4 protein chains.
Amino acid sequence: MWLRSDNAAGVDPDILDFLRANNEGDAQPYGDDELSKSLDARFSAFFGAPVRVFPVASGTAANALSLSAIAGPFDLIFCHQDAHAFMTECGATEFFTGGARFHPVQGTDGRIDAKAIGPAVRGIDISRGNSYRPGALTVTQLTEAGTAYRLEAIQALGALAKETGLRFHMDGARLPNALAFLGHTPDQMTWRAGVDVLSFGATKNGTLSADAVIFFDPALAAGFKRRIKRAGHDLSKSRFLAAQLLRYIEEDLWLRNARYANARAAELAAILQKVPGAKLLHPVEGNILFTSLPDRAVAALGKAGLRLRSKGRTPEGDEWFRIVPSYRTDPEEVRAFGAALGM
Amino acid sequence: MWLRSDNAAGVDPDILDFLRANNEGDAQPYGDDELSKSLDARFSAFFGAPVRVFPVASGTAANALSLSAIAGPFDLIFCHQDAHAFMTECGATEFFTGGARFHPVQGTDGRIDAKAIGPAVRGIDISRGNSYRPGALTVTQLTEAGTAYRLEAIQALGALAKETGLRFHMDGARLPNALAFLGHTPDQMTWRAGVDVLSFGATKNGTLSADAVIFFDPALAAGFKRRIKRAGHDLSKSRFLAAQLLRYIEEDLWLRNARYANARAAELAAILQKVPGAKLLHPVEGNILFTSLPDRAVAALGKAGLRLRSKGRTPEGDEWFRIVPSYRTDPEEVRAFGAALGM
Amino acid sequence: MWLRSDNAAGVDPDILDFLRANNEGDAQPYGDDELSKSLDARFSAFFGAPVRVFPVASGTAANALSLSAIAGPFDLIFCHQDAHAFMTECGATEFFTGGARFHPVQGTDGRIDAKAIGPAVRGIDISRGNSYRPGALTVTQLTEAGTAYRLEAIQALGALAKETGLRFHMDGARLPNALAFLGHTPDQMTWRAGVDVLSFGATKNGTLSADAVIFFDPALAAGFKRRIKRAGHDLSKSRFLAAQLLRYIEEDLWLRNARYANARAAELAAILQKVPGAKLLHPVEGNILFTSLPDRAVAALGKAGLRLRSKGRTPEGDEWFRIVPSYRTDPEEVRAFGAALGM
Amino acid sequence: MWLRSDNAAGVDPDILDFLRANNEGDAQPYGDDELSKSLDARFSAFFGAPVRVFPVASGTAANALSLSAIAGPFDLIFCHQDAHAFMTECGATEFFTGGARFHPVQGTDGRIDAKAIGPAVRGIDISRGNSYRPGALTVTQLTEAGTAYRLEAIQALGALAKETGLRFHMDGARLPNALAFLGHTPDQMTWRAGVDVLSFGATKNGTLSADAVIFFDPALAAGFKRRIKRAGHDLSKSRFLAAQLLRYIEEDLWLRNARYANARAAELAAILQKVPGAKLLHPVEGNILFTSLPDRAVAALGKAGLRLRSKGRTPEGDEWFRIVPSYRTDPEEVRAFGAALGM
């Protein structure tokens with residue numbers, strides 16, 4: 001299937017080169033190597049604040065481990081009803097937290113609105129101690145709908161979290177794409193806005209298999225190493241995890257790659273807006289597009305060998321699709337898409 | 001520290017090349033790529049029997065996930081008291097199984113003896129249903145003491161497992177080193193001897209970060225994909241996990257590397273046997289040595305810049321050490337070791 | 001607070017007498033006493049089918065243990081959004097199942113409708129194995145809204161469960177009240193309608209502290225004793241748990257008590273229907289009433305010493321209340337209620 | 001079987017009377033009744049210190065819930081290798097703690113010795129954070145061997161716990177029998193000696209089904225109510241749980257009953273010491289005896305209708321038995337025992 005996912009891209013060649021460059025000689029395993037030991041300082045510089053960094057091999061691990069540091073068995077985790085951690089991670093968060101429960105809420109275009117959920121959070125009766133209590137809030141930036149939370153919206157959620165005692169987690173699997181779209185810096189969108197812990201996504205945007213948990217409140221990191229070990233995510237040849245992450249934030253590679261993917265998405269959106277009968281289901285604010293297409297357009301794409309991944313049919317009867325260009329999507333693919341649709 | 005661990009070595013250059021060779025173009029993520037889909041067939045050929053293969057990023061994940069497929073909350077898992085899964089994985093197995101309990105047993109040179117544990121297994125009173133019941137057996141090959149179970153010993157444990165209804169797991173973090181020492185084939189030492197599920201270690205012996213769970217009874221794999229997803233071990237860019245494993249078993253790379261490491265260990269053992277006052281604590285049958293050293297020998301090594309990792313002192317008062325050469329240990333390091341000790 | 005809960009009533013004197021009558025002499029503990037051993041046969045006669053009976057000390061234990069026998073870590077449990085097991089048991093089901101997830105659905109008057117939830121169950125995409133799968137269905141009879149599922153509705157849910165592979169659990173904390181209202185027998189409303197496992201409530205209707213898990217499919221009971229033991233619900237002096245349950249189903253005590261409580265509820269409803277400005281929020285079909293009351297009525301009750309438990313305010317601004325007469329509610333209390341309201 | 005267990009006795013008639021006396025009228029459920037609300041004050045007086053009291057329905061619940069308040073997923077719980085919580089509670093502690101691990105140690109006559117385990121506790125290497133860490137210590141008083149820890153021994157364990165940062169739990173399933181034997185008071189043997197949390201046993205010594213968790217450090221009780229609810233141990237008709245416990249500590253009923261049972265045990269021990277070939281396996285310091293008996297003695301008892309519960313055979317080939325008289329054991333039973341053995 002064509003442009004099904006940014007996970008389909010390989011490794012950024014610069015990162016692969018850096019792995020090779022660090023392959024000589026021995027290095028202490030399990031995080032005691034020099035690269036791993038430099039992560040805290042290097043990411044603290046990146047975020048402009050003291051952070052603790054824990055590399056992991058997947059976004060699911062980053063999310064579930066992050067949430068396990070801020071929510072336990074009796075805690076509610078407020079999330080959007082489409083949240084990846086809630087919908088597509090097979091109970092990882094329930095597992096790692098030992099029984100926290102998601103409290104999914106609705107929201108347009110994949111976004112939670114602080115004003116709308118405030119009453120829900122405050123309305124939980126915890127006086128009798130016989131049920132779950134509000135514990136954490138998680139948002140996905142870029143959202144699952146491909147939209148970006150505006151900075152003010154994250155700040156409002158941060159303020160709500162602080163006021164109501166929720167810990168605030170951000171699933172940043174595509175955070176660079178949101179930042180590239182909005183023009184904000186990583187610090188503005190995270191700790192300065194009230195985020196306590198971040199799933200720092202990198203794999204979709206260029207690494208081989210390296211994401212990270214970033215704690216902006218170092219106290220939350222107490223005992224976290226044991227959680228990682230217990231999960232089988234304390235990788236022995238840790239230098240390579242660290243190397244991927246370090247190279248990823250060098251020379252704005254993360255930002256350059258995100259901008260590139262966003263640009264391809266914008267081009268695709270521009271084409272789709274001209275296709276008769278096609279309709280974008282959400283604003284395109286990163287590298288994900290949701291679009292409906294009339295059957296003749298689907299057929300035309302198919303004839304050109306561009307098979308999309310159908311997600312179902314809209315109430316109007318058109319098929320709809322999710323398209324996710326990556327940091328490596330060939331501009332030729334975009335041109336072929338337009339050509340097939342007669343643009 | 002010198003020769004502290006085979007995890008200190010980098011990636012086998014052949015494997016790194018293969019990663020690069022597979023980095024072009026897009027590939028379906030999450031195991032739907034062509035390399036991942038070829039794993040079952042390729043490893044079935046490797047083992048001479050139909051197997052199911054699930055790549056994971058670490059040996060701890062391989063062990064805990066393997067055991068979770070064969071032991072549940074009320075099951076005892078018999079293991080050697082030094083078993084890595086019991087001692088050094090921070091409760092991963094308890095976590096993934098939802099509450100299975102290890103039943104550690106003693107045994108010389110890191111080995112469990114079927115005759116010795118038979119009565120222990122049979123002696124568990126399960127008639128009243130108020131406690132744990134025998135569920136599984138796990139052995140480590142090469143053992144944590146650096147010794148290799150003889151084939152007959154594994155066969156006897158397999159027979160005991162079958163007779164008493166235990167499922168049989170092998171932690172093969174260094175299985176190649178044992179096979180290289182003994183001259184047996186992978187199939188002889190695993191399913192033909194009664195092993196149900198194997199943690200197929202590769203990272204210590206050449207991959208970047210790729211081990212695998214191998215089910216010899218495909219029925220045990222039912223639902224296993226969800227366990228992997230829930231653990232955060234369903235890596236998105238799965239082609240690279242598969243690539244590591246596939247290259248690892250090509251052209252006997254696994255065996256060549258293991259033989260190499262074993263040869264370095266044998267050379268080190270030969271040196272140590274000549275050092276006055278030094279004593280090997282276990283037979284050297286793979287790539288791990290345990291040795292005591294008199295203080296003057298420790299001092300001589302230190303002067304030569306070869307600092308070993310002390311594990312404590314023997315009853316006789318000598319320090320003892322664990323030395324683990326790898327598939328990439330430079331023969332020059334061995335020579336320097338001998339030279340420092342006057343050999 | 002007045003008539004806050006049927007849990008406020010004491011023990012039925014007949015049951016207390018039976019406890020005393022069985023207090024002489026020794027009896028084997030932990031379920032090996034004669035009374036406990038008679039439970040399966042006695043309840044099989046009661047239900048007209050072979051059942052397995054496991055007494056427990058609370059309704060929460062009955063629900064969570066029941067569900068743990070039919071749902072595991074990756075299973076969705078469909079329930080009404082007001083279900084007691086979901087809302088008021090503090091994660092017991094998540095805990096005992098090791099991570100099952102509730103999938104709450106809406107429904108008028110506390111009831112799930114088979115036609116409405118069918119598409120939800122069938123719409124879960126389980127093909128990719130990366131998320132929860134449909135596993136079980138639980139209904140509460142009498143519902144949390146005080147209404148009774150009609151037999152046909154339970155049968156339709158049973159048929160849906162069978163068709164879609166869901167296991168079907170009934171939380172029968174107040175099943176007798178529903179049966180008393182509808183005139184059906186226990187077998188009709190349970191196994192004959194497709195229920196696999198029942199939380200057989202007795203405490204609200206007369207016992208001291210004894211409910212039971214009833215398996216209509218004995219295969220589901222395999223290993224269940226260990227679950228009870230692990231939960232601390234394998235009570236040592238088991239004869240007294242059994243005695244409560246046995247006496248409870250003798251001489252139609254369960255039905256007589258339920259009819260009595262229902263009758264008091266009907267009288268209260270009749271009064272409320274005549275109070276100007278009062279409004280029953282749900283049909284009264286058992287022993288639970290939800291009613292709104294104008295402020296002057298609340299004041300009048302207060303003056304008469306009848307303080308109700310406020311549950312909030314309706315959109316119209318009236319306070320609303322939950323009233324739950326029990327098998328022991330004094331008719332004089334009902335008369336006083338009417339008198340205070342001028343009836 | 002004869003004198004198999006003190007769990008075989010019924011309810012103390014005084015306690016049953018008190019239940020009946022408290023059966024009139026309504027009472028708030030779930031711990032909001034007057035009796036439940038008086039527990040903290042009443043037990044604080046009993047122990048001479050401010051305590052928090054949480055009634056539960058079983059000793060297993062008391063142990064597992066107690067330990068869950070002081071040990072979590074990465075904690076070791078040091079215990080005697082015969083500890084009931086370790087051996088006979090089917091993983092309840094692993095379950096409630098979310099993965100703590102028992103670290104069983106040996107010790108003569110069922111007792112842990114502070115001097116002996118000190119090195120074991122201190123020897124756990126926690127520097128690398130990759131395995132379990134010392135978390136808690138639990139002792140059983142009266143021990144599983146029927147012996148009583150001397151006050152000095154408990155004090156030494158308390159001092160060790162404090163020094164090494166372990167939380168200290170006492171399984172007091174038969175604490176009254178130990179206190180009756182030694183002549184100490186409840187406060188001396190618990191908080192004054194360093195115990196943090198106590199499983200306060202009452203069921204074996206007279207209640208129907210009521211034990212309690214007693215926190216001597218009220219801070220440990222934070223959030224404990226949710227743990228009880230989640231376990232299904234928050235009983236609705238809580239007044240009856242409270243009533244049992246309150247009556248149990250009135251008028252020294254607990255002590256009177258324990259003395260009675262101990263006296264019967266002492267009489268049985270005196271008989272056994274005179275039986276040729278019989279041998280007491282442990283000192284008799286409470287109401288539990290372990291004895292070997294020659295075959296002719298077993299036969300003689302069988303002829304008299306006194307069938308004991310065989311626990312196996314000693315190395316010498318004699319059968320051995322566990323005998324547990326209770327607070328209600330008829331002296332006539334003891335006389336019959338002696339008569340059968342010719343005493």
Side-chain angles (χ1 to χ4, degrees), chain C residues 1-13 16-17 19-20 22-30 33 56-65 88-92 94-96 203-204 207-209 225-241 326 328-329, chain D residues 1-13 16 19-20 22-30 33 56-65 88-96 203-204 207-209 225-241 326 328-329:
Chain C
M1 271 163 290
W2 184 78
L3 294 185
R4 162 188 165 177
S5 168
D6 39 6
N7 286 317
V11 187
D12 189 292
L16 206 50
D17 285 346
L19 288 185
R20 185 180 294 273
N22 280 282
N23 193 34
E24 294 308 307
D26 285 351
Q28 295 295 327
Y30 296 118
D33 59 284
V56 291
S58 74
T60 294
N63 281 341
L65 285 165
T88 331
E89 297 185 351
C90 222
E94 283 91 337
F95 182 46
F96 283 84
T203 305
K204 295 175 194 299
T207 63
L208 191 161
S209 176
K225 182 81 171 179
R226 280 194 167 81
R227 291 189 176 276
I228 287 183
K229 170 63 79 177
R230 182 178 64 153
H233 281 282
D234 186 23
L235 302 190
S236 55
K237 297 184 177 174
S238 47
R239 64 168 127 167
F240 297 111
L241 264 186
S326 81
R328 261 175 110 182
T329 294
Chain D
M1 271 164 289
W2 182 79
L3 292 184
R4 161 187 167 178
S5 167
D6 38 7
N7 287 317
V11 187
D12 189 293
L16 205 50
L19 286 185
R20 183 180 296 271
N22 281 283
N23 193 33
E24 296 307 308
D26 284 351
Q28 295 295 326
Y30 296 118
D33 60 285
V56 291
S58 75
T60 295
N63 282 341
L65 285 164
T88 330
E89 298 185 350
C90 221
T93 294
E94 283 90 338
F95 182 47
F96 282 84
T203 304
K204 295 176 194 301
T207 63
L208 190 160
S209 177
K225 182 80 171 178
R226 280 194 167 80
R227 290 189 178 276
I228 287 183
K229 168 65 79 178
R230 183 178 63 153
H233 281 281
D234 186 23
L235 301 191
S236 55
K237 297 183 177 175
S238 47
R239 65 168 128 169
F240 298 110
L241 263 186
S326 80
R328 261 175 110 181
T329 294

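All of these numbers come straight from a predicted model, not from anything done at the bench. Chain naming here is simple, since letters A, B, ... match the order of the sequence lines and numbering starts at 1 in each.
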- Query: Picking from C:N22, C:T60, C:N63, which has the most non-hydrogen pairs under 4.5 angstrom with chain D?
  - Reply: C:T60
- Pairwise distance OG1(D:T88) to OH(C:Y30) - rounded to 0.5 angstrom: 8.5 Å
- If one checks every heavy atom of C:F96 against chain D at 4.5 Å, the contacting part turns out to be both
- Of the listed D:K229, D:E89, D:K237, D:R226, the one with the largest count of heavy-atom pairs under 4.5 Å with chain C is D:K237
- Item | Contact class of C:S238 relative to chain D, heavy atoms under 4.5 angstrom | neither
- Item | Contact class of C:F95 relative to chain D, heavy atoms under 4.5 angstrom | both
- Let me know if D:T93 has heavy atoms under 4.5 Å from chain C in its side chain, its backbone, both or neither. neither
- Rounded to the nearest 0.5 angstrom, the CG-CG distance for C:L208 and D:N23 is 7.5 Å
- Note on the structure: Assert top hit (heavy-atom pairs under 4.5 Å, partner chain D, pool C:S209, C:A92, C:C90) equals C:C90
- Query: Rounded to the nearest 0.5 Å, how far does CG of D:D33 lie from CZ of D:F240?
  - Reply: 9.0 Å
- Is D:L19 close to C:R20 at the side-chain level, that is, under 4.5 Å between some pair of heavy atoms? no
- Give the member of D:G10, D:A64, D:S326 that has the highest number of heavy-atom pairs under 4.5 Å with chain C. D:G10
- Message: At a 4.5 Å cut-off on heavy atoms, which part of C:E24 comes close to chain D: side chain, backbone, both, or neither?
- Response: both
- Item | Closest-packed option against chain C by number of heavy-atom pairs under 4.5 Å, given D:A61, D:G91, D:S236 | D:S236
- Task: Would you name the heavy atoms of D:A57 and C:L235 that are closest together and state the gap between them?
- Result: O-CD2, 3.4 Å
- Message: For D:V56 versus D:L241, what's the shortest heavy-atom pair and its separation?
- Response: O-CD2, 3.8 Å
- Query: Is D:D26 salt-bridged to D:R239, cutoff N-O under 4.0 Å?
  - Reply: no
- Check whether any side-chain heavy atom of C:H233 lies under 4.5 Å from a side-chain heavy atom of C:S58, and answer yes or no. yes
- Query: In terms of heavy-atom proximity below 4.5 Å to chain C, should D:R227 be classed as side chain, backbone, both, or neither?
  - Reply: neither
